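In each ligand, atom 1 is the first atom listed, and ligand 1 is the first ligand listed. Being a predicted model, the structure only gives us computed values, none of them experimental.
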Amino acid sequence: MTLFLGLLTLVLLLIGLALLWLARWGRERAGLPAGRVIYMDMGGRGRQRVALVSRRHGLSGRPDYLVENRNHVVPVEIKTGLAPPQPHEGHILQLAAYCLLAEETYGHRPTHGIVRYADRSFVVDYTPALEARLLKTLELMRTDLLASDVARSHKQPSRCRGCGYRDICDQAL
Ligand code: SF4
């Protein structure tokens, strides 16, 4: 009986270790930093999908992950493509928007966020300069929304090829 209980304990211990290893492996594979996942928006049942909202800035969004570690919240944005030499400006601003939303929602200013591409991650510092760039961009976007005509903001034919407005856009490449 003692031998049986000993074996059972050992098996349970090994299963526990395997589960821990699997959880860590999954976390590293997703590019998540250490800490507790307090928000995720990767689809699936039972997962939190409520948008974070900033009434002050008229902004809302759903980061892929928010990881909390000792009152620090780190937004993590997952991109499926291979990493460019530096994160795209749009991805940096998207991450900055999640930092702003996380600050307003949880009351702590994130020091940084992470953009995770298929093959590598970038840590992006959430500096006052980046926040100012984000707010300026939001202001320009609001101005453009009210304008009757807006100039194309890129030179990438591939973006136009996949654009839903291509048929009615007079600036399509
Ligand atoms: S088709 Fe027009 S709206 Fe669409 S991406 Fe190209 S320029 Fe922009």
Thr105 side chain near Val53 side chain, heavy-atom distance below 4.5 Å: no

What are the two closest heavy atoms between Pro110 and Tyr126, and how far apart are they? O-CD2, 3.3 Å

Aromatic ring pairing His91/Tyr117, orientation class (parallel under 30°, perpendicular over 60°, tilted between): tilted

Looking at atom 2 (Fe) of ligand 1, what's its closest protein heavy atom, distance included? Cys169 SG, 2.3 Å

Short N-O contact, Glu139 and Lys136, less than 4.0 angstrom: yes

Please classify the Cys160 to ligand 1 contact at 4.0 Å (heavy-atom distances, strictly less than): side chain, backbone, both or neither. both

Please determine whether Cys163 has a backbone or side-chain N, O or S atom lying under 2.8 Å from atom 4 (Fe) of ligand 1. yes

Protein residue, atom and distance nearest to atom 8 (Fe) of ligand 1, heavy-atom basis: His154 NE2, 3.8 Å

Going by the atom numbers of ligand 1, which of them fall below 4.0 Å from some non-hydrogen atom of Arg152? 7 (S)

Can you find a heavy atom in the side chain of His57 that is under 4.5 Å from one in the side chain of Leu134? no

